[in-house]
Amino acid sequence: MRYIGIDFETRSRVDIKKAGAYRYASDLSTDVLCLHAMDSETGEEWTWYPRSGEVFPGTLAESLAEAVLIVASNAEFDKAIWEFIAAPVYGAPSLKHEIWYCSQAQCRVNALPSALEKAARALGIKRRKDPRGNALIKVLSIPDPKTGEFNEDPKLMVEMGEYCAQDVRLMMQVMKLTRWMSATEHRDWLITCDINERGARIDTDLARLCVAYAAQERDEIAKGLTILTKGVITKHTQSVRGRDWVLEQCKHVPAVRSIMTVVKNNEEKRSFDKEIRARLLDMEDDLPNHVVDFIDFMDDGNKSSVAKFQRMLDMAEIDDRVRGAFVFAGAGQTQRFASRGLQLHNMRRDCWNVEQTEELKARMGRNHAINAVMDTLSQLLRPAIIPAPGKKFVVSDWSAIEGRVLPWLTGDPRAEVVLDIYRSGQDIYLHTAATMGLTDSDRQIGKVTTLALGYQGAVGAFTVMGKNYGLYLPEKQVVDIVQKWRRANPWAVDYWRNCERAAVRAMKYPGEYVQIGRCQFVAVEGLIGTTLCGILPDNTVIQYPDARLDYVQTPHGGKTVVSYMKASLTPKADEKEWPRHTLYGGLIAENFTQGTAGALLKHSLRELDDRRAPVVLHVHDEIIMEVPERQTKSRAELLQKVMETLPEWADGLPLKAVPKIMTRYGK
DNA sequence: TGCGGCGGCGCC
DNA sequence: AAAGGGCGCCGCCGCA
């Protein structure tokens, strides 16, 4: 397929890291230094320096008119620069939306790192990195820190053009070594661009008040900590120093050391995180008073999420909207979306309602005191996202999506019992409790069991999940629960085992499609070494790059397992080989389940795109649209219909998604 | 001074 | 044999 690979080099007074690509591109100080382009078919290359008065190269315009795609690394950035600056200011031809294609998105669907350099390294592309790159950016792309002037040195500009050309060539090499996005994946990426361009509106007045209150509280905590520790700790963010200080102050209390001890990667470490602080406060009476006060200060301060308010303000454009928050296929292992910049996927769920938010906002506006400042502020994060005047949010999420998809994916007739519980609207947690011989009063146990054990998790998974719900059980009882759940749900246990076997079989017979429930495995030789592909019911491909069969020793002999390159872990500078992971049944079941839930979301987003529904946010199992007030009813009906109507590939999957209307984002 | 590692936070 | 994993951001800390 003929395409034009491009890369812009730009300069600006805006810090792109802080403000994000969209605010960067729309700022008046942002300008194009050069554009490099290469035709994939003819090999012809162009470097265009528009600031020197060069007109857009005519032969490049001709190639663009004939090419099917225009490809860039993080194409959303290049698209924004093209549309905000290159076309309107310098006369580059205008391009249609559909022509854009992102090589970073292509890397992510291949489960490789997004960033060009990292992807090239993961692919083993041997090249000399141009040492001038970073230096040139520092000199030409940001104003001189002393004079505030931009450097216009024409010689350096030409060097920049050469550096830019190297990046384009490298990108095109990466394109050759990886699987291209399917038409559906490309469309999903384009839909993500639309959502990112729409942006989410921020209550910037509220955000500014929160920033001010957080700063004041931070200073007070700092004062308290400094006095308490005689200057050893001066900020609540000094977690390592704080940890060591507590250990020192409590060395005569042996229990403290043991509570603070955790095992990570087979190594003993001390930790002082939220959960450990809570356990320390449980034995308050045995601790020195000043240590208890210290823990209270750290607890109060450690709502790090309040930093998001500053991020909102940094990224908000003139219309108070934050753009560019969503990353298509950001999660390489499941192909789910990720969120970047202002991370919208991890905002505290437990939050104030509209009335409480307005009251707090009014109090802060009058400079009145508020209680438990940091905690209160972090509960204002979601409500700080608001619709434009005259509009409302229409919101819906799928009920227990993973709990439904997992049994459905197995295709096991014995899993129908579980699916029937969902179909009939019964309480799955009570059902789980009942199958283990527990009563209705043990619903909480049923809930933690359902959430924690589906992916081969055992005592550890249950205990961690239980803590989130304030459930603490003796280990013996947890062992019993795990055993009972697995006996009551043999479809799950068999599925884990069969997933693992299917992966190994597919690796042994490359090219052969191995069916496993409603999914398939196939090993593709010659793609990033050998890539093990998991194919989901909608044909989404989950890739395990550079997969190998390994033989591992076990207490009863040995067995064959599949290992693969883990893109999300970057190797240390001195390590040659990329970090690897080993597949096991529960992990495959989880990747497939989350991937299929993501496929449902992408399907709904396409349906909504067909109907021009203005989606502004989504969070894995939740969709938020911003619609004019008089349309809320019809749009809510549409949203429910789209989310509850099964795609043709999901026959028999019970789905439920009841919509809500909101005037601020909430839970 | 800049950068990467690491501990910590929070959501699905 | 057993195994919770998927994300991204903030801030400190040590190193170059």
Side-chain angles (χ1 to χ4, degrees), chain A residues 17-18 108 111 114 134 138 145 218 233-243 262 264-265 269-277 298-299 301-308 310-311 325-327 329-351 374 378 381-382 397-398 400-403 451-465 468 482 496 500 542 552-559 561 566-573 581-591 593-595 597-598 601 618-622 667:
Chain A
K17 270 197 175 141
K18 261 196 201 165
R108 294 193 299 269
S114 228
N134 286 340
K138 221 171 179 176
R218 199 167 47 231
I233 314 292
T234 55
K235 289 175 177 177
H236 71 265
T237 44
Q238 293 159 341
S239 58
V240 173
R241 248 190 275 177
R243 174 197 70 191
V262 290
K264 209 176 155 188
N265 298 331
K269 286 189 170 174
R270 318 286 160 214
S271 170
F272 189 50
D273 64 16
K274 196 167 92 163
E275 192 258 326
I276 286 170
R277 292 197 302 269
M298 294 296 267
D299 262 341
N302 253 322
K303 303 278 184 271
S304 68
S305 48
V306 299
K308 273 198 190 341
Q310 185 58 53
R311 197 74 154 121
F326 295 97
V327 188
Q333 228 51 79
T334 61
Q335 297 296 297
R336 290 206 296 190
F337 290 97
S339 174
R340 72 176 158 205
L342 177 63
Q343 229 277 55
L344 295 169
H345 278 174
N346 71 344
M347 293 205 288
R348 184 163 173 191
R349 191 180 173 80
D350 175 30
C351 58
M374 293 303 203
S378 75
L381 278 165
R382 282 196 191 208
D397 63 349
W398 279 294
I401 190 65
E402 288 189 29
L451 297 174
L453 303 189
Y455 305 124
Q456 212 173 324
V459 177
F462 186 99
T463 310
V464 171
M465 184 72 75
N468 297 340
V482 171
W496 307 330
E500 201 168 315
I542 303 271
V552 293
Q553 294 295 325
T554 68
H556 305 295
K559 72 170 179 175
V561 295
K566 186 78 178 158
S568 54
L569 308 169
T570 314
K572 297 194 169 63
H581 265 203
T582 302
L583 278 179
Y584 62 91
L587 180 57
I588 297 168
E590 187 199 51
N591 287 173
T593 301
Q594 292 191 342
L601 174 60
H618 49 75
V619 191
H620 303 305
D621 65 353
E622 180 182 22
K667 53 185 155 186

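So you know, we letter chains A, B, ... as the sequences are listed, proteins then strands, and number each from 1.
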_When you measure from the side-chain N and O atoms of A/K235 to the phosphate of C/dC12, is any distance below 4.0 Å, counting only OP1 and OP2?_
yes
*When you measure from the side chain of A/W496 to the backbone N and O of A/I588, does any donor-acceptor pair fall under 3.5 Å?*
no
*A/R277 vs B/dC9: side-chain N/O to OP1/OP2 distance below 4.0 Å*: yes
_Any base atoms under 4.0 Å from A/R243, or only sugar-phosphate, or nothing? Heavy atoms, all strands._
nothing
*Considering just the side-chain nitrogens and oxygens of A/R348, establish if one lies under 4.0 Å of OP1 or OP2 belonging to B/dC9.*
no
*asked:* C/dG6, OP1 or OP2 - any side-chain N/O from A/T334 closer than 4.0 Å?
replied: no
_Residue whose closest nucleotide on DNA chain C lies nearer the 5' end, A/V459 versus A/H581_ = A/V459
*Between A/Y584 and C/dG5, does any side-chain N or O lie under 4.0 Å from OP1 or OP2?*
yes
*Of the nucleotides C/dG6, C/dC9, B/dC12, which one has an atom closest to the side chain of A/D621?*
B/dC12
*For C/dG6, does OP1 or OP2 lie under 4.0 Å from any side-chain N or O of A/K566?*
yes
_Side chain of A/R336 (C-beta onward), nearest among C/dC9, B/dC12, C/dA3_ = B/dC12
_Residues in side chain to side chain contact (heavy atoms under 4.5 Å, CB included) contact with A/Q594, at least two apart in sequence or another chain_ = A/T334, A/R336, A/E402, A/E590
_Under 4.0 Å from OP1 or OP2 of B/dG8: is there any side-chain N or O of A/S271 that close?_
yes
*asked:* As a test of reading the structure: which of B/dG8, B/dC12, C/dC7 is closest to the side chain of A/Q333, going by heavy atoms?
replied: C/dC7
_Short side-chain N/O contact to B/dG7 OP1/OP2 from A/K269, under 4.0 Å_ = yes
_Side chain of A/S239, heavy atoms from C-beta onward: which of C/dA3, B/dG8, C/dG11 has the nearest atom to it?_
B/dG8
*OP1 or OP2 of C/dC13 under 4.0 Å from side-chain N/O of A/R241*: yes
*Out of B/dG2, C/dG6, C/dG8, whichever nucleotide has its closest atom nearest the side chain of A/N591*: C/dG6
*With sequence neighbours left out, what residues match A/F272 under ring-ring contact (aromatic ring centres under 6.0 Å, His included)?*
none
*Could you state the atom-to-atom distance from CD of A/Q238 to C1' of C/dG14 in whole Å?*
15 Å
_Using a 3.5 Å distance criterion without hydrogens, assess whether the side chain of A/Q238 forms a donor-acceptor pair with backbone atoms of A/K235._
yes
*Could you tell me whether A/K274 and A/D299 have a side-chain N and a carboxylate O separated by less than 4.0 Å?*
no
*Using whole Å, report how far NE2 of A/H345 lies from C1' of B/dC9.*
17 Å
